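As structure tokens, the structure follows; a few thoughts come after it.
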Amino acid sequence: MAKEKFNVPLAVKLIFSILAITVFSFAFCAMTNKITVAELPSWLQALWGLIAILAILGMGIYQVDSAKEQAEATDQILVRRRYAALRAILDDAHDQCESLRPEFHDHDEAFGIFSFVLNFDERAFNGVLETIERVPLHELDNYQIVKSLSGIRNLLINITSIISFASDQARSKIGEEGGTPDYAIKDRGRILIDEVNSLYKAAITEISST
């Protein structure tokens, strides 16, 4: 694991530069006898006072800067966790829709109600829909992700409606007497699933780049 780089704030660097110049100037004056022995204690006292003030000031600036960096790091962690949770929701919705794609594939004369009943996990599908509805979209600051979640939610509702309609029609055998053709229902289902897939890819691209 790489070590974190230690960054010294510019203000702290400036303070230590002033301190270094002051100490150097004092030493130079002392060595060139520009300060008498009688004046030396006063000069030392002033120097130590300056050192103390600069040290306190530098420590304060460093602590403020460190607190700011820590807050930013914490915010980044929270953002990454939120996007990870959103990706899990999107993955679940995408997987549920893709599992239905084969059901809308063939143009059979009979709609295949038994296949739908066996392969459509209504509880899981509704669970994904409820999870999306609980996402506080107003708290998200990414337009594409909000657009994708909202769009996928509406598409899931439409897919559920299509399956419900097709199932009812197959049970009542209206399809054999002029009801909505099997191919029309399946074409519509495929279109909705393709739209889910498109919104899913757009959202995942945004999440991956965050």
Side-chain angles (χ1 to χ4, degrees), residues 1 4 67-108 111-172 174-175 179-210:
M1 180 188 245
E4 294 184 358
K68 182 180 178 181
E69 289 183 357
Q70 183 63 38
E72 291 175 351
T74 301
D75 289 343
Q76 285 296 321
I77 291 173
L78 293 176
V79 168
R80 284 196 294 269
R81 287 178 179 175
R82 169 176 287 183
Y83 281 135
L86 290 175
R87 173 153 194 165
I89 294 172
L90 289 165
D91 285 344
D92 200 4
H94 177 260
D95 291 344
Q96 287 292 332
C97 290
E98 287 301 315
S99 69
L100 288 175
R101 188 180 290 277
E103 307 301 328
F104 294 103
H105 187 267
D106 297 324
H107 290 164
D108 300 327
F111 185 75
I113 177 62
F114 296 109
S115 177
F116 262 108
V117 171
L118 290 175
N119 293 311
F120 175 54
D121 190 342
E122 185 175 3
R123 178 177 295 180
F125 210 80
N126 289 336
V128 173
L129 183 56
E130 291 173 1
T131 301
I132 293 177
E133 289 176 340
R134 287 197 297 268
V135 176
L137 298 180
H138 63 280
E139 295 181 3
L140 301 179
D141 57 0
N142 188 297
Y143 170 76
Q144 183 59 59
I145 294 177
V146 172
K147 177 183 176 182
S148 293
L149 285 169
S150 299
I152 289 174
R153 170 189 174 278
N154 294 332
L155 291 168
L156 292 181
I157 292 174
N158 290 337
I159 291 171
T160 302
S161 297
I162 285 178
I163 293 174
S164 178
F165 170 78
S167 298
D168 291 342
Q169 177 169 276
R171 287 192 180 94
S172 61
I174 296 177
T180 302
D182 171 72
Y183 72 85
I185 295 174
K186 292 191 174 184
D187 284 347
R188 180 57 180 161
R190 283 199 305 277
I191 290 172
L192 293 176
I193 291 175
D194 287 341
E195 290 178 1
V196 169
N197 190 49
S198 177
L199 290 173
Y200 167 79
K201 289 180 178 179
I204 294 302
T205 298
E206 287 294 318
I207 291 174
S208 299
S209 63
T210 302

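All values reported here derive from a predicted model rather than from experimental measurement. The figures that follow rest on heavy atoms only: side chains count, while hydrogens, waters and symmetry mates do not. For this chain, numbers begin at 1 and follow the sequence in order.
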Next item on the list: Please name the pair of heavy atoms, one in Cys97 and one in Ile193, separated by the smallest distance, quoted to 0.1 Å.
Entry: O-CD1, 3.5 Å
Margin query: Using a 6.0 Å cut-off, check whether atom CD of Glu122 has over 12 heavy atoms from anything other than its own residue.
Written below: no
Next item on the list: Measure across Leu149 and Ile132 and return the closest heavy-atom pair with its distance rounded to 0.1 Å.
Entry: O-CG2, 3.7 Å
Checklist line | Check: Ser99 side chain, Gln96 main-chain N or O, donor-acceptor pair, under 3.5 Å | finding: yes
Margin query: To check you understand the geometry: which heavy-atom pair defines the closest contact between Ile145 and Ala203, and what is its length?
Written below: CG1-O, 4.3 Å
Check: Is there a donor-acceptor contact under 3.5 Å from the side chain of Ser198 to the main chain of Asp194?
Finding: no
Notebook entry, point to check: If you round to the nearest 0.5 Å, how far is CG of Asp92 from CZ of Phe125?
Noted result: 10.0 Å
Check: How long is the span from the CZ atom in Arg82 to the CD1 atom in Ile207, to the nearest 0.5 Å?
Finding: 11.5 Å
Next item on the list: Give, for atom CG of Asn154 and atom CG of Leu129, the distance between the pair rounded to the nearest 0.5 Å.
Entry: 9.0 Å
Checklist line | CD1 on Ile159 to CD1 on Ile152, rounded to 0.5 Å | finding: 9.5 Å
Checklist line | Rounded distance [0.5 Å steps], CD1 in Ile185 versus CD1 in Ile163 | finding: 11.0 Å
Margin query: I'd like to know if the side chain of Thr74 reaches the main chain of Gln70, judged simply by a donor and an acceptor atom lying under 3.5 Å from each other, with no hydrogens or angles considered.
Written below: yes
Margin query: With heavy-atom distances below 4.5 Å as the criterion, would you say the side chains of Leu156 and Arg153 are in contact?
Written below: no
Notebook entry, point to check: So, the side chain of Ser148 versus the backbone of Tyr200: is there a donor-acceptor pair under 3.5 Å, distance only?
Noted result: no
Notebook entry, point to check: Is there side-chain contact between Asp91 and Ile204, with heavy atoms separated by less than 4.5 Å?
Noted result: yes
Next item on the list: State, with a plain yes or no, whether a side-chain heavy atom of Val196 is found less than 4.5 Å away from one of Glu98.
Entry: no
Check: Please walk me through it: do Phe104 and Leu192 pass side chain to side chain contact (heavy atoms under 4.5 Å, CB included)?
Finding: CA-CA 10 Å; Phe104 294 103; Leu192 293 176; over 6 Å; no
Check: How long is the span from the CG atom in Leu140 to the NZ atom in Lys147, to the nearest 0.5 Å?
Finding: 15.5 Å
